[in-house]
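Residue indices begin at 1 and follow the sequence shown.
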Amino acid sequence: MATTPASSQNPANSPTSSANFTNLNAQNWIIEPTLDYVKTIGSGKLTALIGTSFQQNTSNGLYLSGTNYSNEALLGTLGAAGTTTVLYNNIIKYKYDAIFAKLNYDWQEKYLLNATFRRDGSSRFGPKNRFGNFGAIGAGWVFSSEDFIKNNLSFLSFGKLRASYGSTGNDQISNFLYLPLYSSATAYLGNAATNVTVIPNESIQWETTKKLEFATDLGFFKDRISFTANYYRNRSSDQITSNALGSQSGYNSFTLNLPATIQNKGLELELNTTNIVMKDFSWKTSANFTFTDNKIVEFPNLDKSFYSTSYVVGESVNLIRLYHYLGVNPTNGTAMFEDKDGNGVINTNDRYVADLGTPFFGGFNNTFTYKGFELGIFFQFNHRFGVTQILNTRPGALVNQNGFWLDRWTPTNTASNIPGASATAGTPIYTSYNNYTSSDAVYGDASYLKLRSVNLSYSLPAEWLKHVKMSSCSVFVQGQNLYTWAKNKYILDTETTVQGGPSGLGTGTIGQVLPPLRTIVFGVNCSF
């Protein structure tokens, strides 16, 4: 119980003195008993596990206000208040129960099989859909343990193939969406009143993702070179979201499961090498590449839904619709766009779905050591299509502009691909800019390479430290976000001017945020 009296500036005995009282209580517990069983069968080992999970999270919040005290000496006592008002009162209870089982069979450490099953129950769903069944099956083959590999491929120190398929559920949503939720409202004729704030939907059910994965792990030359390739395909369905409603219904949204199936697939590659190992010098390299692809596989009746203008079956959920820029009219300097429907007016129907290309990203790190010195250099890269020209406003506006506009169209520079400037609203040039930043004039290859970090350290020799009774001591300097190579010098931060960045700053917008700070740190780390 937390009580916070807050008196006013009025003198004692003022009837308007007030105090606030807060009561916050949270209780979380989890119980997970498990039973393991191990048995040797043939040349292999069977491992079984069965268990249950019981979880409960409860929180109570109460915020009261006491006013009209007859004496400020009584501010800490709620019972002495002339008027008591409940400002906030919220009770949240979440329960989660599950039963799960797992079977593993390992035959001679070469052939691996596993299967899992779980039945999950969540209080966030209604009684009809409270429980969900999920499971997976997987297999692995350590082929480097086979005699024909050992005898013929001596350079291969490790080799494994693995595959799995299964499903998982998600209940990470708000509580009680299947119930009508009420909130206090303005008193009516002096009586307490409540409003229904959520339209209940007892049909809300678990979100489900079906996962397919194939991978290989390889080691060469006594694992001085290791390589991992992983292909995955995840298909998610029954996403819980809010569907818009007409405000004349009294509500603006309705929570439900989308019938869409969204696919995320990709290829992840990881390479680690020990390039040089000498007495006083070593050089190690690690690199990773990730290729991703996202699209809507299925969405029944999409053309009749609220999302008909946002999504397209077969396209990414992050799709961008752009106008096709045809260049500058050399006679008057206006921006020209393709009129797809041929009606003589450029409107939203003239946009097309922009090509997102084949995005991939990753990084590579090199670590060098020489006696007590260690140097680490890490680069990060991202290849994608997106905004290539972030423009704060149209030329002619009475604000500071960047140098991009210096090559704009003028009567003496009619060959420019940048429209002219006009400060007068309603003029042809001014109006043609309405669609400019929503066109492929500012869209293209938005790749970048960033020197993310450089670390240099020196560990003092042990014979120096023993005289001052230290077990270790090192001095270091670290640099973060040191330099970025990008095609567009007018973009402040190449990482956030793409889809998936902060709200309102996705690809195709003109918003920008400051890039991560460049920091350099010097330090000493000693242990006694």
Side-chain angles (χ1 to χ4, degrees), residues 30-55 95-125 128-147 149 158-173 205-219 226-240 257 261-270 290 292-293 297-298:
I30 178 172
I31 302 173
E32 288 191 339
T34 59
L35 178 65
D36 295 277
Y37 175 78
V38 179
K39 181 176 178 60
T40 299
I41 301 178
S43 299
K45 182 174 69 173
L46 176 68
T47 303
L49 178 146
I50 187 170
T52 60
S53 178
F54 304 96
Q55 301 180 32
K95 290 184 178 181
Y96 169 83
D97 299 329
I99 181 171
F100 51 88
K102 182 177 181 179
L103 286 174
N104 289 333
Y105 185 69
D106 181 347
W107 192 74
Q108 295 185 345
E109 297 185 349
K110 291 192 293 186
Y111 308 106
L112 312 171
L113 291 173
N114 63 75
T116 62
F117 173 81
R118 62 184 302 126
R119 181 172 173 82
D120 299 293
S122 172
S123 63
R124 289 173 175 161
F125 304 107
K128 296 180 180 179
N129 300 299
R130 184 149 293 168
F131 293 91
N133 299 322
F134 310 99
I137 186 170
W141 176 32
V142 184
F143 59 86
S144 57
S145 298
E146 301 287 357
D147 291 337
I149 296 293
F158 182 77
K160 180 180 180 180
L161 296 174
R162 48 191 169 91
S164 64
Y165 179 78
S167 63
T168 61
N170 177 30
D171 73 335
Q172 298 305 299
I173 60 174
Q205 58 184 342
W206 286 82
E207 297 180 357
T208 303
T209 299
K210 297 179 179 179
K211 300 184 177 183
L212 175 67
E213 182 176 339
F214 298 97
T216 182
D217 303 296
L218 302 174
S226 61
F227 174 76
T228 298
N230 181 60
Y231 168 82
Y232 66 90
R233 191 201 69 186
N234 300 335
R235 289 190 170 181
S236 301
S237 58
D238 297 324
Q239 297 87 2
I240 302 177
N257 291 90
T261 299
I262 300 174
Q263 176 178 283
N264 289 282
K265 68 176 182 179
L267 178 64
E268 298 175 336
L269 306 175
E270 182 178 352
T290 300
T292 63
D293 180 69
V297 176
E298 184 181 3

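- Contact detail for Leu269 and Phe227: the closest heavy-atom pair is CD2-CZ, 4.0 Å.
- Rounding to the nearest 0.5 Å places CG of Asp36 at 4.5 Å from CG of Leu49.
- The structure places OG1 of Thr168 at 10.0 Å from CZ of Arg118, a figure rounded to the nearest 0.5 Å.
- Ring pair Trp206/Phe125 is tilted by interplanar angle, where 30° to 60° counts as tilted.
- In this structure, CD on Glu207 lies 9.0 Å from CG on Asp171, to the nearest 0.5 angstrom.
- The side-chain contact (heavy atoms from CB on, under 4.5 Å) with Phe100 is formed by just one residue from the set Thr116, Thr34, Ile50, Asp120; it is Thr34.
- With sequence neighbours excluded, the residues that form a side-chain contact (heavy atoms from CB on, under 4.5 Å) with Asp106 are Glu109, Leu112.
- In the displayed structure, Lys110 atom NZ is contacted under 6.0 Å by more than 12 heavy atoms of other residues, nucleotides or ligands.
- Side-chain contact between Ile137 and Phe117: absent, with no pair of heavy atoms (C-beta onward) separated by less than 4.5 Å.
- Between Gln239 and Ser236, the shortest heavy-atom contact is NE2-O, 2.9 Å.
- Side-chain atoms of Ser164 do not come within 3.5 Å of backbone N or O of Gly138 as any donor-acceptor pair.
- Shown here for Gly159 and Leu218, the closest heavy-atom pair between the two residues is CA-CD2, 4.1 Å.
- Residue Gln205 comes nearest to Asn257 through the heavy atom pair N-OD1, 2.9 Å, listed as atom of the first residue, atom of the second, then distance.
- With rounding to the nearest 0.5 angstrom, the NZ atom of Lys210 is 12.5 Å from the CG atom of Asn234.
- Between Leu46 atom CG and Leu113 atom CG the span is 10.5 Å, to the nearest 0.5 Å.
- With sequence neighbours left out, Asn230 forms a side-chain hydrogen bond (donor to acceptor under 3.5 Å, both in side chains) with Glu268.
- Of all heavy-atom pairs spanning Lys160 and Phe143, the tightest one is N-CE2, 3.3 Å.
- The shortest distance between side-chain heavy atoms of Gln263 and Lys265 falls below 4.5 Å.
- Remark: Tyr105 engages no residue in a ring-ring contact (aromatic ring centres under 6.0 Å, His included) (not counting sequence neighbours).
- Across every non-hydrogen atom of Ser144 and Ile149, the tightest pair is CA-CG2, 3.9 Å.
- Taking CG of Leu267 as the start and CZ of Phe214 as the end, the distance is 13.0 Å to the nearest 0.5 Å.
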